[in-house]
Undergrad: 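Please read through the structure below; I'll follow up with questions.
Throughout, protein chains are lettered first and strands after them, A, B, ... in sequence-line order, and every chain is numbered starting at 1. Scope of the values below: all heavy atoms of this structure, side chains included, with no hydrogens, waters or symmetry mates. In this text the structure is predicted, and so the values were computed from the model without any measurement.
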Amino acid sequence: MAQIFAYITHKGGVADDTALELAAAAKMIDGAAAVTAVVTGSGATLDQVCAAMTGSFAEVWKVDNAALAYPNAEAVRKALVNILPPGGIVLLPHDTFGMDLGPGLSIKMNAAFVADVVGIAGVAGATLKLVRQEFSGQVSTHVSCDASAGAVLNIRPGVCKADAAGAAGGQIVDKSAAAGDLAVGRRFLEVVEAEVGDVDITKSDVLLSIGRGIEEEENIEIARELAAAMGADISCSRPLVDAKWLEKSRQVGTSGLTVKPKVYLAMGISGSFQHMGGVKGGAFMVAVNKNPKAPIFQVADVGIVADILEFMPELTEKIKSL
Amino acid sequence: MEILVCVKRVPDTAENEIEVNGDGTDINRDDLVYSVNEWDNYAVEEAIQIVDRVGGKVTVVTIGDDESEEVLRREMAMGANEGLLVADDAFAGSDGRGIATLLKAVVEKGNYDLVLTGAQADAGAGQVGGMLAAMLDQPYASLVDHIEVVDEKTLKVGREIEGGNREMNEIQLPCVLSIQTGINEPRYVGIRGIRKVASVDIPVLGAADLGLAAGTVGAAGARVKVEDYFVPELGAGAEMLEGSTEEIVEKLVELLKAKGGLK
C-alpha cells in the first residue's frame, strides 16, 4: 500500500479534532502504515501543532511559509503538490477547507478523488472500497477507488473514532524549502464573524427546530405557538435561512451554530450531516417528519412519522391543556 | 462578463423518497420527480444578476441525455441567454474527473471570464468545480455565498465557512466558483416563461465535437465507481411512536416532561 499522508488543520496553535480522526482513518486503510502528518502554517503556532502531532504520527512534515499563515486552499495546494510524492494517499477532512482543497489537489497530483467518505469497507491491492452517502443521506453506496496512481480522500468529520493522542515519538521534518513558489490568484482578505441574533440558541435548553417541512413562511407561526407553549426557543435548518424566513443566527449546523440543548425537537428536518453536526452534547432528540426514510430517524431518540403542519397544532393544544 | 454556469438535472430529494432498487445497482428511478439541482439554480440566478449589473452573457451547460434539456430551458426561462447540452453514450459512467474533463472541453470552446457550478449535487461530492479549475489552471473558491465585481480582472468573493462565518477573498478572473445556497433569492419561473424558450435551439455536443480521446471520460476512464446502493443496517435508530395522533401526542408529552422539554 502506498504511503499515507494526513493533512492537519489547526487554529490558534491547536490541531482540529479531525487530526486524530485522520490518523484513525489511515490505520483503517493500512494497519501497518507509518502515517505522515502534514502541517502547513507560519511561526510559533505551527511549531506547537507539529510538536503535538509527534504523539500520533510517525513523521510530521512541517511547511512554514508566511503565505500559509491563513490556510488559503489555493496556496496550500501548491505546497502539497510540491512536497508530496506521486502515488501517495492523502487524507483531508471533508469540511469547508477540505472541500476547497481536495478536488483540485487530486487533479494536480493526478490522483483519484473521493469526497465525503463515511466509512472504509476494505482494501484489495490498490483498490479502496469506501462508503459514501448520496441523495442527502437517504441512501448509502459502496464506492471503489483505484488508488494505483494515488488518491485524495476527504473524510467526513466525526465518522472515524479518534484514538487518544499517544506517544508515537514522531520526527518533525522541515519541508519548507521544498514548498516552492506559493503565489496564487486568490488572496485571503479577512474572516467576517457571524452576526449575533436576538436569541442565543447556543444557550437554549429546549430547541424547537424547524426545517423544509414548514413549507411556507406563514407556517412559522404554528411553530412559534408550539415553542411558546413549551417554553422553547426556535431554531432552524439551512433552507429556512436560504429562503430568508429566519435569521442566520437561528441556524443549527456546521455552517451555522453548534447547539447543546437538553431537548431538541426537529420538525420537518431531514437530518443532513451538516445539520446534525451542529447538535452536540447528547441532546434528547425527537424527530417529526412525514418521510419515514428521512435520515434523521437514524439519529433521533424518538421518531414520529407525521406532517408537522398537522402535528404541531395538536401538540400545542395538548400542552396548553396540561 | 461572459459567464458559463454548469447545471445538473437531479431527483428532487425534497419531493421524493429515495429507495434502493431490487438488486442494489441503482435507486428506483421510476416515478421520481426531477428538477434542476438546487445549488445550480442559485448559481444561475447569481450569473444573471452579475450580467444585469455589468453586462455580458450567461450560458448554461449540462451533461446528460435528451431529458436533461428541460433543465436548460428552465434556466433559460430565468434569464440565461444560451444553453448547451453535452450528450453522448460514450460519456456514461464518467466519474467526477470525467465530468470535469468534459466541462473543460466546453470551456475551451468558448471565451468565458467566469465559470460557476453549484457547491454540490445529488451525489454530495462537491468536486467538479475544484477539479475543473485545476484542469484549467484557474483560481478557484468553493462554497461562495457573496460576489462583488471589483473590476474587469477581479472579484471579491465570500466563502461560507464553519460557524456561520464568512471568509472574504479577492480572486483573479478568469476563475471558477462553486456557489452555496442562500447567496441570492432565485427568481420564480412560470410555465409562460418556459414556453417562451421552448423553441430556442440548444446545440448538442458529443465526443467528436469536444475532441476528447476515448478512455478519458465515461466508464473506461473512471477511477471511482459506485459499486452498489444500500440502506445501512442501523443498530439503534429512533424509537418510533405509533398509534393515533392523540396517543402519539400523549406519549410525546410524557417524554418531553421527563426530559425537561416542557417549562
Side-chain angles (χ1 to χ4, degrees), chain A residues 74 95-96 99-100 103-104 107-108 112-116 133-136 138-146 184-194 205-206 212 230-231 241-242 244 248 251 254-257 262-263 284 286-287 291 293 297-298 300-304 314-315 318-319, chain B residues 11 13-14 17-18 20 27 96 122-127 130-131 133-135 139-143 159-172 175 181-182 185 223-232 234 237-241 245 248-249 252-253 255-256 259-263:
Chain A
E74 299 280 285
D95 55 15
T96 64
M99 290 175 78
D100 217 25
I107 296 301
K108 292 299 183 189
F113 177 70
V114 184
D116 193 24
Q133 295 180 335
E134 294 196 4
F135 304 104
S136 311
Q138 291 194 56
V139 295
S140 295
T141 63
H142 286 113
V143 170
S144 70
C145 169
D146 174 359
V184 290
R186 173 176 142 198
R187 188 165 65 92
F188 167 71
L189 300 173
E190 61 172 336
V191 170
V192 181
E193 303 275 335
D205 277 343
V206 184
R212 216 187 275 269
M230 293 175 65
V241 177
D242 285 346
K244 315 279 189 278
K248 183 102 184 157
Q251 185 189 330
T254 51
S255 61
L257 295 169
K262 280 189 218 150
V263 174
F284 177 72
V286 178
N291 178 359
K293 299 215 164 52
F297 291 130
Q298 299 171 15
D301 295 291
V302 169
I304 296 162
E314 300 272 353
L315 184 57
K318 178 71 186 176
I319 292 168
Chain B
T13 53
E17 288 175 24
I18 306 289
V20 177
I27 58 166
D122 50 351
Q127 61 190 351
M131 289 180 169
M135 288 177 179
Y140 174 64
S142 65
L143 302 163
R159 293 185 61 235
E160 184 187 84
I161 56 171
E162 277 75 13
N165 300 327
R166 177 181 281 165
E167 178 196 285
M168 296 304 300
N169 295 269
E170 209 167 67
I171 193 162
Q172 301 303 314
C175 70
T181 56
E185 292 177 67
R223 285 188 250 172
V224 178
K225 293 183 176 124
V226 173
E227 298 290 336
D228 64 357
Y229 288 82
F230 66 100
V231 176
L234 293 166
E239 176 202 342
M240 302 304 289
L241 300 188
T245 304
I248 291 173
V249 166
L252 179 56
V253 166
L255 282 166
L256 289 175
K259 301 288 182 181
L262 298 180
K263 288 184 184 169

Undergrad: What's the shortest heavy-atom distance between A:Thr96 and B:Ser142, and which atoms?
TA: O-OG, 4.2 Å

Undergrad: In terms of heavy-atom proximity below 4.5 Å to chain B, should A:Asp95 be classed as side chain, backbone, both, or neither?
TA: both

Undergrad: Locate the shortest heavy-atom distance separating A:Val206 from B:Gly260; write the atom from each residue and the value.
TA: CG2-O, 3.4 Å

Undergrad: Within this structure, what is the OG1-CG distance for the pair B:Thr13 and A:Asn291, rounded to the nearest 0.5 Å?
TA: 9.5 Å

Undergrad: Check each atom of B:Leu262 against the heavy atoms of chain A and say whether the ones under 4.5 Å are side chain, backbone, both or neither.
TA: both

Undergrad: Testing the basics here: between B:Asn169 and A:Phe188, what is the closest heavy-atom pair and its distance to 0.1 Å?
TA: OD1-CA, 3.6 Å

Undergrad: Does the side chain of A:Thr254 pick up a donor-acceptor pair with the side chain of B:Glu162 at under 3.5 Å?
TA: no

Undergrad: Could you tell me which non-hydrogen atom of B:Lys259 sits nearest to which non-hydrogen atom of A:Lys262, and how far apart they are?
TA: O-CB, 4.4 Å

Undergrad: Between B:Leu252 and A:Ile304, does a side chain to side chain contact (heavy atoms under 4.5 Å, CB included) hold up when you go through it step by step?
TA: CA-CA 9 Å; B:Leu252 179 56; A:Ile304 296 162; 3.8 Å; yes

Undergrad: Between A:Lys248 and B:Glu160, does any side-chain N to carboxylate O distance fall below 4.0 Å?
TA: yes

Undergrad: Counting heavy-atom pairs closer than 4.5 Å to chain A, which one of B:Leu256, B:Ile18, B:Leu241, B:Leu143 comes out on top?
TA: B:Ile18

Undergrad: Given the options A:His142, A:Gln138, A:Met230, A:Lys293, which has more heavy-atom pairs under 4.5 Å with chain B than any of the others?
TA: A:His142

Undergrad: Looking at A:Ala115, A:Gly231, A:Gly185, A:Ser136, which has the largest count of heavy-atom pairs under 4.5 Å with chain B?
TA: A:Gly185

Undergrad: Select one option (side chain, backbone, both, neither) describing which atoms of A:Val286 are under 4.5 Å from chain B's heavy atoms.
TA: side chain

Undergrad: Of all the heavy-atom pairs spanning A:Ala194 and B:Gly164, show the shortest one and how long it is.
TA: CB-O, 3.3 Å

Undergrad: So B:Arg166 and A:Val191, do their side chains get closer than 4.5 Å, heavy atoms only?
TA: no

Undergrad: When rounded to the nearest 0.5 angstrom, what is the spacing between CD in A:Glu134 and CD1 in B:Ile27?
TA: 8.0 Å

Undergrad: For the candidates B:Met135, B:Gln127, B:Lys225, which exhibits the highest count of non-hydrogen atom pairs separated by less than 4.5 Å from chain A?
TA: B:Lys225

Undergrad: Among the options A:Thr141, A:Asp146, A:Val184, A:Val263, pick out the one with the most heavy-atom pairs lying under 4.5 Å from chain B.
TA: A:Thr141

Undergrad: Who wins among B:Ala141, B:Ala133, B:Gly126 for the most heavy-atom pairs under 4.5 Å with chain A?
TA: B:Ala141

Undergrad: Taking side chain as everything from C-beta outward and backbone as N, CA, C, O, which of these in A:Arg212 sits under 4.5 Å from a heavy atom of chain B? Side chain, backbone, both or neither.
TA: side chain

Undergrad: Pick from B:Ala123, B:Gly96, B:Ala125: which one has the most heavy-atom pairs with chain A under 4.5 Å?
TA: B:Ala123

Undergrad: If you look at every heavy atom in B:Val224 and A:Ala112, which pair is closest and at what distance?
TA: CG2-CB, 4.2 Å

Undergrad: Do you know which of A:Lys318, A:Glu193, A:Glu74 has the most heavy-atom pairs with chain B at a distance under 4.5 angstrom?
TA: A:Glu74

Undergrad: What residue in B:Val226, B:Thr181, B:Ile161 has the most heavy-atom pairs under 4.5 Å with chain A?
TA: B:Thr181

Undergrad: Compute whether any side-chain donor of one residue and acceptor of the other, for B:Glu227 and A:Ser144, lie under 3.5 angstrom apart.
TA: yes

Undergrad: Rounded to the nearest 0.5 Å, what's the gap from CE on B:Met131 to CZ on A:Phe113? Could you check?
TA: 6.0 Å

Undergrad: Side chain, backbone, both or neither: which part of A:Val241 has a non-hydrogen atom closer than 4.5 Å to chain B?
TA: neither

Undergrad: Which region of A:Phe284, side chain (C-beta onward) or backbone (N, CA, C, O), has a non-hydrogen atom less than 4.5 Å from a non-hydrogen atom of chain B, or is it both or neither?
TA: side chain

Undergrad: What part of A:Glu190 gets within 4.5 angstrom of chain B, counting heavy atoms only: side chain, backbone, both, or neither?
TA: both

Undergrad: Between B:Glu167 and A:Arg186, is there a side-chain N and carboxylate O pair less than 4.0 Å apart?
TA: yes

Undergrad: Between B:Tyr229 and A:Ser140, is any pair of side-chain heavy atoms under 4.5 Å apart?
TA: no

